[in-house]
Amino acid sequence: MHLLLSTIALRPYVFIFLASFLFIAIVNFGLRTTLLFTVLTYTVSLACEWSSIHNGFPFGLYHYIDATRGREIWVFGVPFMDSLSFTFLGFASYTVALLLSSPLYRRGADVRILDTWKIRRAPRVWLMAALFMVMVDMVVDPLSVLGDRWFLGKIFWYDPPGPHFGVPISNYLGWYFVAAITIAIFQWLDAALNRGSAKPTGLLPAMKSRSLLGPILYAGIVIFGITMLFRINAPNIGWAAVFIYLPFSVLAIHVLTRRESWGDAGAIERHLADFPYESNLSVSKPPSAQPRELHHVTV
């Protein structure tokens, strides 16, 4: 227990993101899906990290420095918090892909997505989410390499350093590989445990704008990483991160604000057919958001 508390005190930002993920995932997808996804994703990520520090697959070869052993939890030679990060990064990336692929619904300040099982299981959502997770890593991994400049500390080094601010390209290929596996796990768990008319335990259908919380978590992680890059006087990496996300942000705003993104009565009915416990949605559309035809949104 002492070591767990010490780990939380040493890495508070990780556990703030983790607690946010647990709450957001439970109110949107239920308790069972969230807990099983957390355990399975941590297991897959830990196995991949253990493999990488021993034989270089899938992230490339790197080595952890035992500077914090005794101050935080380590599992099989890997800091506990490191593999744990894959859970909230994968989940947040999935919610962004789902937001950009689904018709939208708005009543005042209440903004929701009119997703269906077909959309949730769509290959484009899966592949987009994996890409969005790699984009986060292109911000946080160069920041982590400079851990000696901030409160992360110097905890690892690549062998040898790579061309992207010290990060090898194999690392990003490995992240896409692991992201694809873990997001597929989430899609499978969601369909296996939540499909049907019964409301999943912990899910809150009446909570306004709950589907936006995951994308907000994603944005928060990215903003945290970019802010830290400028705070530790690494503006070249910081601006590179800004220009990674600038075109993405413009495209996302365009997708979410165009007229065709707002679902019509048919989109609401299709959503309620798959998720009948969300019966508090109104089928009638406000005059300001009457589309002539519904188009599924893709990027």
Side-chain angles (χ1 to χ4, degrees), residues 14-15 17-53 57-59 75-76 78-102 113 115-138 140-141 170-196 198-203 210-211 213-218 221 274-275:
V14 173
F15 289 92
F17 289 141
L18 177 67
S20 301
F21 146 68
L22 291 173
F23 171 76
I24 295 167
I26 290 171
V27 301
N28 279 283
F29 298 96
L31 180 64
R32 291 189 302 168
T33 298
T34 300
L35 295 182
L36 284 173
F37 170 73
T38 302
V39 172
L40 291 175
T41 296
Y42 175 79
T43 302
V44 169
S45 303
L46 176 63
C48 289
E49 292 220 64
W50 183 91
S51 174
S52 287
I53 62 177
F57 178 82
F59 303 115
V75 181
F76 299 122
V78 178
F80 174 67
M81 64 89 187
D82 207 53
S83 300
L84 196 62
S85 301
F86 283 83
T87 58
F88 54 78
L89 291 175
F91 170 79
S93 300
Y94 173 74
T95 62
V96 173
L98 197 60
L99 175 67
L100 295 177
S101 300
S102 304
I113 61 173
D115 55 341
T116 61
W117 284 115
K118 183 178 180 180
I119 296 174
R120 286 192 181 188
R121 301 295 304 277
R124 72 176 182 273
V125 172
W126 171 50
L127 296 174
M128 285 166 54
L131 175 62
F132 296 160
M133 189 168 168
V134 174
M135 289 171 60
V136 175
D137 188 52
M138 294 181 76
V140 301
D141 227 307
S170 59
N171 174 72
Y172 300 124
L173 296 175
W175 267 71
Y176 196 92
F177 172 77
V178 175
I181 293 174
T182 56
I183 291 163
I185 288 173
F186 186 88
Q187 289 179 306
W188 174 76
L189 286 172
D190 186 29
L193 299 177
N194 295 337
R195 203 158 191 164
K199 180 179 74 69
T201 302
L203 189 144
R210 60 185 169 84
S211 58
L213 297 178
I216 289 172
L217 174 61
Y218 182 92
I221 295 168
D274 283 352
F275 310 106

| note | Sorted by chain and number, sequence neighbours left out, side chain to side chain contact (heavy atoms under 4.5 Å, CB included) with Lys118 holds for Thr116

| request: Could you tell me which non-hydrogen atom of Ile183 sits nearest to which non-hydrogen atom of Gly90, and how far apart they are? | output: CG1-O, 4.0 Å

| remark: The side chain to side chain contact (heavy atoms under 4.5 Å, CB included) partners of Ile181 (sequence neighbours excluded) come to Val44, Phe177, Ile185

| task | Could you tell me whether the side chain of Ser211 reaches within less than 4.5 Å of the side chain of Thr95, counting heavy atoms only? | result | no

| Of all heavy-atom pairs between Ile53 and Phe76, which one has the smallest distance, and what is that distance? | CD1-O, 4.3 Å

| task | Would you indicate whether the side-chain heavy atoms of Tyr218 and Leu89 approach each other to under 4.5 Å? | result | no

| request: Measure the CD1-OG distance between Ile119 and Ser101 for me, rounded to the nearest 0.5 Å. | output: 7.5 Å

| Working for side-chain contact (heavy atoms from CB on, under 4.5 Å), residues Arg120 and Leu98 | CA-CA 7 Å; Arg120 286 192 181 188; Leu98 197 60; 4.0 Å; yes

| query | Between Phe186 and Tyr94, how do the two ring planes meet: parallel, tilted or perpendicular, split at 30° and 60°? | reply | tilted

| query | So how far is it from Leu40 CG to Leu189 CG, rounded to the nearest 0.5 Å? | reply | 6.0 Å

| message | Within the 4.5 Å heavy-atom criterion, are Val178 and Phe59 side-chain neighbours or not? | response | yes

| query | Closest heavy-atom contact between Ser52 and Pro58? | reply | OG-N, 3.2 Å

Per-pair distances, 0.1 Å, donor-acceptor, side chain in residues 18-33, under 3.5 Å, sequence neighbours excluded:
residue : atom : partner : partner atom : Å
Ser20   : OG   : Ile16   : O            : 2.9
Asn28   : OD1  : Arg210  : NH1          : 3.2
Asn28   : ND2  : Ile24   : O            : 2.9
Asn28   : ND2  : Arg210  : O            : 3.0
Arg32   : NH2  : Leu193  : O            : 3.0
Thr33   : OG1  : Asn194  : ND2          : 3.1

| query | With sequence neighbours left out, what residues match Thr43 under side chain to side chain donor-acceptor pair (under 3.5 Å)? | reply | none

| query | Is Trp117 atom CH2 crowded by more than 12 heavy atoms from other residues, nucleotides or ligands, each under 6.0 Å away? | reply | yes

Give the table of side-chain donor-acceptor pairs shorter than 3.5 Å for residues 126-137, with sequence neighbours excluded, one pair per line with atom names and distance.
residue : atom : partner : partner atom : Å
Trp126  : NE1  : Ala180  : O            : 2.7
Asp137  : OD2  : Asn171  : ND2          : 2.7
Asp137  : OD2  : Trp175  : NE1          : 3.4

| Backbone of Thr41 reached by a side-chain donor or acceptor of Thr87 within 3.5 Å | no

| field | Residue list, side chain to side chain contact (heavy atoms under 4.5 Å, CB included) with Ser83, at least two apart or on another chain | value | Tyr42, Ser45, Leu46, Glu49, Val78

| field | Least distance between heavy atoms, Gln187 atom then Arg121 atom | value | O-CD, 3.6 Å

| field | Exam field: side chain Ser51 to backbone Phe57, donor-acceptor pair closer than 3.5 Å | value | yes

